[in-house]
> 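Mind having a look at this structure? Questions to follow.
A quick note: this is a predicted structure, and the numbers were derived from the prediction, not measured. Residue numbers start from 1 in every chain, and the chains themselves are labelled A, B, ... in the order their sequence lines are given, proteins ahead of strands.
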Protein chains: 2
Amino acid sequence: MRRPTIADIARRAGVSSAAVSFALNGRPGVSEHTRQRILAAADALGWQPNTAARALSAKRAGAVGLAVARPARTLGVEPFFMQLISGIQAELSERANALLFHLVEDVDAEIGLYRKWWAERRVDGVLVVDPRTADPRPAALRALGMPAVLAGGPDPAGILPGVWIDDARAMARIVAHLRELGHVRVAHVSGPSGLLHTERRSAALHEATRPGATGTTGPTTVTTDFSDTEGARATRSLLSAADRPTAIVYDNDVMAVAGMSVARQAGLAVPADVSIVAWEDSTLCRVTHPTLTTLSRDASRFGATAAGRLLALLDGEPPADVEFDVPELIVRESTAPPPA
Amino acid sequence: MRRPTIADIARRAGVSSAAVSFALNGRPGVSEHTRQRILAAADALGWQPNTAARALSAKRAGAVGLAVARPARTLGVEPFFMQLISGIQAELSERANALLFHLVEDVDAEIGLYRKWWAERRVDGVLVVDPRTADPRPAALRALGMPAVLAGGPDPAGILPGVWIDDARAMARIVAHLRELGHVRVAHVSGPSGLLHTERRSAALHEATRPGATGTTGPTTVTTDFSDTEGARATRSLLSAADRPTAIVYDNDVMAVAGMSVARQAGLAVPADVSIVAWEDSTLCRVTHPTLTTLSRDASRFGATAAGRLLALLDGEPPADVEFDVPELIVRESTAPPPA
DNA sequence: CTGTTAGCGCCTTCAA
DNA sequence: TTGAAGGCGCTAACAG
């Protein structure tokens, strides 16, 4: 049997197809009585809208895109993205929108994909993640006229509306915890220097620990590519310095674990000799010994909010930024007072 | 400026829109000369097909779906899925297809989503992962008449075509390695009993190590939910038994890491007292001490093949199963001869 | 308040 | 080989 169409419903209910369309979309133009009759007919036939037809007519794909330019390896090892996606989907599903997800090589490929998606009208807009310094994406999206929301920070270019977590205050919270314990020399093993959130964290650490002001010495930031290998290398160089830090803050969990191994190999105990903090709570942080003190963000809610902002934008609402509360610091076993 | 349409190209090239359609789709009906002229015009205008219009007309969405019923937490911690997706996308992109990705609560929700996707004609078919015992999905998909490929095993119901890796022979390979080292008592910390690939592994281990036949004693399999917590619990119970195993095979990396911690806490050295093998190579397996001996699969190629089979199915090719080669065993530091 | 009508952009018959 | 015409299923203008 053929899939029922609006024309079928119209025939069954004895009205025009336009009336059916109105009734189905809950808009004025039909009396309550006929609306009920139409809905009953649609229900009896098991009608479902054909997205292609709706998209063609309404000039709206009913889908949004998410392209991610990170190596699959890095992505898979972090729970952040999956939870982000989970949150995005919860929000999208509620409004009958689908998510097109795509892994890309780099930002250029990402822009190329946006161009393609937009030209084909595959999506109505996109969620942009991992904002960078000198990020070409906002300008490219504006040039395309493609609706977008930046998830992960305010747009420095002021083009795209953003949704973000306050990294600066999160870092301040970590520093406060370490200072309470008595730490003076705090180091930071960060992600690539091109990523905005990483830059913000470094800047915040430098601000919070500037010499004199707070009783801590100026910190050292070592940048990495987020991998365990570079996390280990960075830790090795930090710990072998003359004035080695008594606490190290890592920009993700994998590097924190790798760093902890390096410390142990170097004959240092965690947290007795060196304290460790990971930025991102995950299973990984709880299976290690000692368990890791981490910063915990609600990635799911973050994703839902970003998706919600994008849908609002598509509905014609004015662009607006949303800043989240400062994430929680989960204190576990990897932080303790520094050695005397 | 308006997005160019076929009518625009036709006007520019001075031909009919039908001629343009023929030229663009590389089918007979236009002379080579006009075809070139048309292609040049399309190029000059930067024309791209509108997917909604094409989908409506061709009755084909140009998209396939992937719904995953695993907790986000479990997903995110394993690199397998991201690489799988990466492979799927590479194959789909090549043929101008998009991927709709969706996380669902359970198999029932998954079937509900298939029903919805199919009713809306959102996708042309789906990739089904994590086949289970008494899996309701193949029958549900057949009832819907929805094209699908099962990624992760042959369909026991014989309904869906499948793409899979030979778990039985992979397990045999692990057992061979352990036997060479001299292990006699091998235990298995598996995933949930409902998952087919987990069942296959357990069965293979039991087969390979049945008493007498191979010089090993009958193995013990403990099922878990894949989490680190249950992996730890299972390890604790295995190691505290009177006849404790000298080697343990884990169904993923997280549990192997958790198990290693438990062994250490129990005063056992890895691999001196107990050897450990993880099923899945990931960063996690290389940052631990000792590094983990793992089974390595090519998830990306696996995904690409599955996607390729689905597209072939959509093109009307007959369903066909594809079995992969046995995955490689990467021997690292966590396996050694058992204690004397 | 209702129903008719004409597209949305593409593909594909049919005649010419 | 080409052009005209119609339909895919839905929505949004119109008139009635």
Side-chain angles (χ1 to χ4, degrees), chain A residues 1-39 41-42 45-63 96 117-124 314-316, chain B residues 1-39 41-42 45-63 96 117-122 124:
Chain A
M1 201 195 81
R2 218 182 71 262
R3 179 173 315 279
T5 72
I6 282 206
D8 295 323
I9 301 174
R11 213 169 300 124
R12 196 171 212 273
V15 295
S16 76
S17 64
V20 174
S21 181
F22 283 146
L24 256 23
N25 294 306
R27 61 185 61 192
V30 284
S31 67
E32 197 46 38
H33 177 68
T34 51
R35 179 189 304 278
Q36 289 307 329
R37 203 153 41 97
I38 289 169
L39 291 181
L45 292 169
W47 178 86
Q48 292 278 111
N50 176 313
T51 38
R54 177 166 282 183
L56 180 59
S57 174
K59 296 176 180 306
R60 181 157 166 171
W117 271 348
W118 192 238
E120 295 180 346
R121 282 288 187 254
R122 261 290 182 198
V123 299
D124 299 313
L314 298 181
D315 284 345
Chain B
M1 200 194 83
R2 219 181 70 263
R3 181 172 314 281
T5 72
I6 283 206
D8 295 323
I9 301 173
R11 213 169 299 125
R12 195 171 214 272
V15 296
S16 76
S17 62
V20 174
S21 182
F22 284 147
L24 256 23
N25 294 305
R27 60 185 59 193
V30 285
S31 67
E32 196 47 37
H33 178 68
T34 51
R35 179 188 303 277
Q36 289 308 330
R37 204 152 40 97
I38 289 169
L39 291 180
L45 291 169
W47 178 86
Q48 293 277 109
N50 175 315
T51 41
R54 179 164 281 184
L56 181 60
S57 171
K59 294 176 180 306
R60 181 157 165 172
W117 271 348
W118 192 238
E120 295 180 346
R121 284 288 187 255
R122 253 306 175 192
D124 299 314

> Counting distance only, does the side-chain N/O of Arg37(B) pair as donor-acceptor with the main-chain N or O of Ala13(B) below 3.5 Å?
yes

> Among dC10(D), dC11(C), dC10(C), which nucleotide sits nearest the side chain of Asn50(B)?
dC10(C)

> Any base atoms under 4.0 Å from Ser21(A), or only sugar-phosphate, or nothing? Heavy atoms, all strands.
base

> Counting heavy atoms from C-beta on, name the nucleotide in dT11(D), dG3(C), dG9(D) closest to the side chain of Phe22(A).
dG3(C)

> When the distance from CZ of Arg11(A) to C1' of dG3(C) is rounded to whole Å, what number comes out?
16 Å

> dA4(D) phosphate, OP1 or OP2: any side-chain N/O from Ser17(B) under 4.0 angstrom?
no

> Consider the side chain of Ala53(B), meaning its heavy atoms from C-beta on, and name the nucleotide among dC10(C), dG3(C), dT11(D) that approaches it most closely.
dC10(C)

> Between Arg37(B) and Lys59(B), which has a closest nucleotide on DNA chain D that is more 5'?
Arg37(B)

> What is the distance, rounded to the nearest whole Å, between atom CZ of Arg122(B) and atom P of dG9(D)?
17 Å

> Nearest whole Å is fine: how far is dC10(D) C1' from Leu24(A) CG?
10 Å

> What's Val20(A) touching, base or sugar-phosphate or nothing? Going by heavy atoms closer than 4.0 Å.
nothing

> Report yes or no: is the cationic atom of Arg121(A) (NZ for Lys, CZ for Arg) closer than 6.0 Å to the six-membered ring centre of Trp118(A), at no more than 45° off its axis?
yes

> Starting at atom CG of Asp8(A), determine the distance to atom P of dC8(D), rounded to an integer number of angstrom.
11 Å

> Nearest of dT1(D), dT5(C), dG9(C) to any side-chain atom of Ser31(B)?
dT1(D)

> For Arg60(A) and dG9(C), what is the distance between atoms CZ and P respectively, to the nearest whole Å?
17 Å

> Could you check which of dC10(D), dG9(C), dA4(D) has an atom nearest any side-chain atom of Arg54(A)?
dC10(D)

> Is there a side-chain polar atom (N or O) of Ser16(B) under 4.0 Å from OP1 or OP2 of dG3(D)?
yes

> May I ask you to decide if Arg60(A)'s main-chain N or O and Asp124(A)'s side chain share a donor-acceptor pair within less than 3.5 Å?
no

> Both Leu56(B) and Val30(B) contact DNA chain D. Which one's nearest nucleotide lies toward the 5' end?
Val30(B)

> Looking at dG3(C), dC10(C), dG3(D), which one has an atom nearest to any side-chain atom of Ser57(B)?
dC10(C)

> How long is the line joining CD1 of Ile6(A) and P of dG3(C), in whole Å?
14 Å

> Judged by each residue's nearest nucleotide on DNA chain C, which is more toward the 5′ side, Trp47(B) or Ala18(A)?
Ala18(A)

> Is the backbone N or O of Ala10(B) less than 3.5 Å from a side-chain atom of Ser17(B), with the two atoms forming a donor-acceptor pair by type?
no

> Heavy-atom distance under 4.5 Å between the side chains of Arg12(B) and Leu45(B), does that happen here?
yes

